[in-house]
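What follows is a set of notes on a single structure, which appears directly below.
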4 protein chains.
Amino acid sequence: MKLGFLGLGNMGRAMARNLLRAGHEVAVWDRTPAMAEKLVSDGARLAWSPADAAREADVALSSLSEDHAVFAVVLGGGAADRPDREPLIRGLAPGAIHVSLSTISPAMSRQLDEAHRAAGQRYVAAPVLGRPDAAEHGELVLLAAGQHEDLERCAPLFDALSRKAYLLGDRVERANVMKLSANLVAASLLEVFGEAYALAESHGLEARQVFEVLKDSMLAPQAIAGYGERIANRKFEPAGFRLKLGLKDVDLALSAAETVALQMPFASVLRDRFLVAIARGLEDEDWAAVATTLPHKRAA
Amino acid sequence: MKLGFLGLGNMGRAMARNLLRAGHEVAVWDRTPAMAEKLVSDGARLAWSPADAAREADVALSSLSEDHAVFAVVLGGGAADRPDREPLIRGLAPGAIHVSLSTISPAMSRQLDEAHRAAGQRYVAAPVLGRPDAAEHGELVLLAAGQHEDLERCAPLFDALSRKAYLLGDRVERANVMKLSANLVAASLLEVFGEAYALAESHGLEARQVFEVLKDSMLAPQAIAGYGERIANRKFEPAGFRLKLGLKDVDLALSAAETVALQMPFASVLRDRFLVAIARGLEDEDWAAVATTLPHKRAA
Amino acid sequence: MKLGFLGLGNMGRAMARNLLRAGHEVAVWDRTPAMAEKLVSDGARLAWSPADAAREADVALSSLSEDHAVFAVVLGGGAADRPDREPLIRGLAPGAIHVSLSTISPAMSRQLDEAHRAAGQRYVAAPVLGRPDAAEHGELVLLAAGQHEDLERCAPLFDALSRKAYLLGDRVERANVMKLSANLVAASLLEVFGEAYALAESHGLEARQVFEVLKDSMLAPQAIAGYGERIANRKFEPAGFRLKLGLKDVDLALSAAETVALQMPFASVLRDRFLVAIARGLEDEDWAAVATTLPHKRAA
Amino acid sequence: MKLGFLGLGNMGRAMARNLLRAGHEVAVWDRTPAMAEKLVSDGARLAWSPADAAREADVALSSLSEDHAVFAVVLGGGAADRPDREPLIRGLAPGAIHVSLSTISPAMSRQLDEAHRAAGQRYVAAPVLGRPDAAEHGELVLLAAGQHEDLERCAPLFDALSRKAYLLGDRVERANVMKLSANLVAASLLEVFGEAYALAESHGLEARQVFEVLKDSMLAPQAIAGYGERIANRKFEPAGFRLKLGLKDVDLALSAAETVALQMPFASVLRDRFLVAIARGLEDEDWAAVATTLPHKRAA
């Protein structure tokens, strides 16, 4: 396939290389030309503007750092009158696809969809999970949303880029929401480890010991699946561990931490969250029911 | 071995049964005699007070709901003058061991240790991880701390009760801290799922889809081990994902949630925690470094 | 009146002195005798145990640091067999009153009430608001709950101790809850100033300038009364400032703080609280309606 | 003076009227023409675009709802090619002043400053504190930043609009930061009342009683000034109330709230904040020192 690739940071460069290896023709562009030049020896053609990279492409892929960069490169912004900044949307042919691999806001993703649609082009949101080394080895997980036929056309690209592509329907922003949800879980894990280790270390245990125990218990795959599925299915009976006992244990942890002047903000939030659940009458339900007490509206 | 067992709720009953099955003689006691009677057909002897259950035992085990119950049953409290409430400590022979399986405060555990020591008895803290069904099948994880020779004497009991006993040294309260740390991780996971699912569902995704993706990415065993070990070892270079980009993604998640009036209190805390890390100059470190920014003192 | 006074820290000593000045006979006791001796030159009699201080008193007052101290001094605890620790309750005559001036838990206050009642004695909860210098000048605010006739008997004492005594009915623990609510407001103010000043200072303003503006606007007496009364009366119409605009402003503050890596945990909580209110459909109500969205049960 | 006024919501209309009453000539514009027409009977001239309102003005004032609206009306945005949306900046004469009364981000304020400067115009940030009824009576507090000579030229307008204008120097964004800090304090007060009242009401007290006590103690002007000034001046000695006792009281409040399943998220944060302070060794300082423990960088 003829491809354009925009944004050649650590992630983008690794992905572009995989596309080249898979036999595609790739025109590359980066705001910093030196980044793009690194791919010439891999067979890439150097494009001199986003539009140029997209011009002859069946599919143009972008891997950029955030909303503002995407706006500038894809739709054009402040410097759009510089010829070397002519935006992707002005080069992409009618019917050609823009695949956005970046982690951007759902709102920006929807805006891209509308802009491409208005220009007679196609848009697929396809943010990826994984670090640069996973990208290099084609071991990313890819989260794709777009029109069915566009996703099909992109399948060989997804194969080259990832070990697994999840197809999430035609509402493009959902792929971005999925990405944000997944990242939130990872970020939360960091704090979870931080608080558990700090509590243990402040009492003379070693963090490594804690991880050994966790890996064998709360963080064993079947334990994680137990909670993850139970909550997804909202199946809280029979109660394996009652919510009010959960509150008791969180209180014990907070008290133990107080003796060493350790703040544990997640634990403090948990206490409040369990109280909300108890105020709703869930005290004798399985403690996983706490996960169901976040009110919200529904996106349009 | 001759054993006493005090506290025959769902957890205690299952554990006492495993000890009977393993061939030990067990005298059983519960505040509610009907709970104890259920074990007579399994071969248990009915004791008429905590002290009576402990009287002839080499090892007396207790599985009680919380600090106050432990205080009353083991050390004696308000109703200690009723003969049927004579506390464990008055019955246990010198040199015999009390194994506390309950989830109690580290402070209470230390208090038990001192009281038994003063009475010429031995004390082992051995809280367990796992639900009643795991207890039934001897599949608990047991966290034990106490004098080395006492832990050795208890080894056959730990074998009967658990699939794995972690020996955590002679500072008894550390077993209780480990238990609280592990429970905190599990409780946190509930909220993590709650927020990630709510964000996704409010945008039209299904929670089950989110779990499928998570299981294959952020919550895959190697991903969890990656974070858990990296943080335990405080090894944050090279940076796989920079902390300031982590903040960006948390901000995107918070903004997406705001559009559906969804509060995500863990995400709000994360935002604050990343800011603390950035204020300390960690913005270009691996985002896992956020886990190292909780100041505390050290327990005496 | 004949009085006993137990606990002669900075607060207690100042209060005891005011009672002496008002012409009462006061027997004083403190765990550290040197503290009590300071009052002898003011005319106090040195008591050698809590019970001794209470023995001939019409009213025994206690000013102690926390629940455990109150338990030990009033009801007797570990060291109750030492004659110099004989607790207040063993000395106080039937019909005589114990006035607890300490900041203790509502539960402990109720426990004291029951114990004194069982002993044929009377109990009044009367925690105070104010610092040692206010105590010295009789400028405290006193929060009293107890039986009507007991409060009447204590009126001259309250006059000597405080510039104003609020009588809060016969449920003793309510005085303690009122005290805790008031202290929570003061503690919150500290953090409120901390966050507002930090946001301003990080952008080059001076904290003193901020306070000048606040004193003249948000923290002017009529502004505070406006919010305090509006919320107490749950009167949110007409909306002076709509809740969704309030969220917008909190978001702006959070964003401005993010540019200087400043965490503002109260602001983060506010964001979540406004979202909860909006999820409940309150977005066009006066923003003060956010104060009504904390679910809870009611104490027995 | 010849004035333009853009944005005639509740706030804007009241302010524009005061300017008319003060004898100024005012051309008015609102996105919804009917809003502007209401002022014709007061003597205003109806402008047909933002630029038109600004064309002959010495000073053009804008009162708009948020950043996006300001961007569109002042600098021009999506619909800028519609003649009736020609932005303010295209109409304002060189040397004339734009006074932005809106609550906007400091970043947007700086952007306006730069844009006007580039166009040879002047810019003053002047957000206001107060509700529509205060605006009507000229009782607003105005927070102004800009070049000294521009602030002087605007003085008569500030007089007509407000009872007091605070002049905050020539860094325009500081006026906006001050506004956000002040609003944050007001928003925090709402939650403070919410939590204090909920704790009290759940225990049978009335919110009005709580406010009576607070008004006479923690929220009396001298008490507020005591904390506000002490923290501004970072003067924490002698300690009126030690930080570790503050933590004790917050813990008591949290425990009392737990008995009625009441979450108090500010109180939970306070607990964590006191712990941070104690981990830094501040436990025996005045509790107001907690306000100094928020790390941050400094804006450029």
Side-chain angles (χ1 to χ4, degrees), chain C residues 105-106 129 131 141 166 174 177 180-194 196 198-200 202-203 205 207-208 210-211 213-214 217-219 221 224 227-228 231-232 240 246 248-250 252-253 256 260-262 265-267 269-270 273 288 290-291 294 296-299, chain D residues 66 105-106 129 131 141 166 174 177 180-194 196 198-200 202-203 205 207-208 210-211 213-214 217-219 221 224 227-228 231-232 240 246 249-250 252-253 256 260-262 265-267 269-270 273 288 290-291 294 296-299:
Chain C
S105 69
L129 297 172
R131 301 187 164 206
V141 165
Y166 289 86
R174 288 186 187 166
V177 169
L180 296 178
S181 295
N183 261 24
L184 196 57
V185 169
S188 297
L189 271 187
L190 306 178
E191 176 70 12
V192 170
F193 282 122
L199 178 59
S202 63
H203 284 80
L205 290 159
R208 297 183 61 90
V210 181
F211 186 66
V213 168
L214 289 174
S217 57
M218 277 41 187
L219 295 181
I224 287 177
Y227 286 124
I231 295 170
K248 185 207 78 169
D249 286 4
V250 171
L252 286 177
V260 288
L262 169 65
F266 267 22
V269 165
L270 282 173
R273 302 276 301 122
V290 75
L294 291 167
H296 58 81
K297 300 185 170 180
R298 211 175 157 91
Chain D
E66 34 87 62
S105 69
L129 297 171
R131 299 186 165 208
V141 165
Y166 289 86
R174 289 187 186 165
V177 169
L180 295 178
S181 294
N183 261 24
L184 196 57
V185 169
S188 297
L189 270 187
L190 305 177
E191 176 70 12
V192 169
F193 282 122
L199 177 59
S202 64
H203 284 81
L205 291 159
R208 296 182 63 87
V210 181
F211 186 67
V213 168
L214 289 173
S217 56
M218 275 45 185
L219 295 181
I224 287 177
Y227 287 124
I231 295 170
D249 286 4
V250 171
L252 286 177
V260 288
L262 170 64
F266 266 22
V269 165
L270 282 174
R273 301 276 301 122
V290 75
L294 291 166
H296 58 81
K297 300 184 170 180
R298 211 176 159 90

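A, B, ... follow the sequence lines: proteins, then strands. Residue 1 opens every chain.
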Query raised in the report: L184(D) versus chain C, heavy atoms under 4.5 Å apart: side chain, backbone, both or neither?
Result: both
Report task. Identify which of A196(D), A198(D), A253(D), G240(D) forms the greatest number of heavy-atom pairs closer than 4.5 Å to chain C. Result -> G240(D)
Query raised in the report: Out of A200(D), A186(D), G228(D), which one racks up the most heavy-atom pairs below 4.5 Å with chain C?
Result: G228(D)
Report task. Working to the nearest 0.5 Å, report the span between CG of L189(D) and CD1 of I224(C). Result -> 6.0 Å
Query raised in the report: Atom CG of L199(D) and atom CG of L205(D): how far apart are they, to the nearest 0.5 Å?
Result: 8.5 Å
Query raised in the report: Given the options S217(D), S105(D), A182(D), which has more heavy-atom pairs under 4.5 Å with chain C than any of the others?
Result: A182(D)
Query - Selection from H296(D), K297(D), M218(D), R131(D) maximising heavy-atom pairs under 4.5 Å formed with chain C - result: R131(D)
Requested in this report: Heavy-atom distances under 4.5 Å only: say whether F266(D) touches chain C with side chain, backbone, both or neither.
Outcome: both
Query - R273(C) bridged to E191(D) by N-O distance under 4.0 Å - result: yes
Report summary line: Rounded to the nearest 0.5 Å, the CG atom of L294(C) sits from the CG atom of L262(D) at a distance of 6.0 Å
Query - Under 4.5 Å from a heavy atom of chain D, the part of L252(C) involved - result: both
Query raised in the report: Would you find a donor on one side and an acceptor on the other, under 3.5 Å apart, between the side chain of R298(C) and the backbone of V260(D)?
Result: no
Report summary line: Honestly, the part of Y227(D) sitting under 4.5 Å from a heavy atom of chain C is both
**Report entry** Contact class of P106(D) relative to chain C, heavy atoms under 4.5 angstrom
**Finding:** side chain
**Report entry** Choice from N183(D), V290(D), V141(D), L129(D) maximising heavy atom contacts with chain C below 4.5 Å
**Finding:** N183(D)
Report summary line: Taken in chain and number order and not counting sequence neighbours, the residues that satisfy side-chain hydrogen bond (donor to acceptor under 3.5 Å, both in side chains) with R208(D) are N233(C)
Query - Contact winner vs chain D - G194(C), A232(C), A207(C), heavy-atom pairs under 4.5 Å - result: A232(C)
Query raised in the report: Quick one: side-chain contact (heavy atoms from CB on, under 4.5 Å) partners of A187(D), sequence neighbours excluded?
Result: V250(C), L270(C), F274(C), W287(C)
Report summary line: On a heavy-atom basis, the closest approach of I231(D) and A291(D) is CG2-CB, 3.6 Å
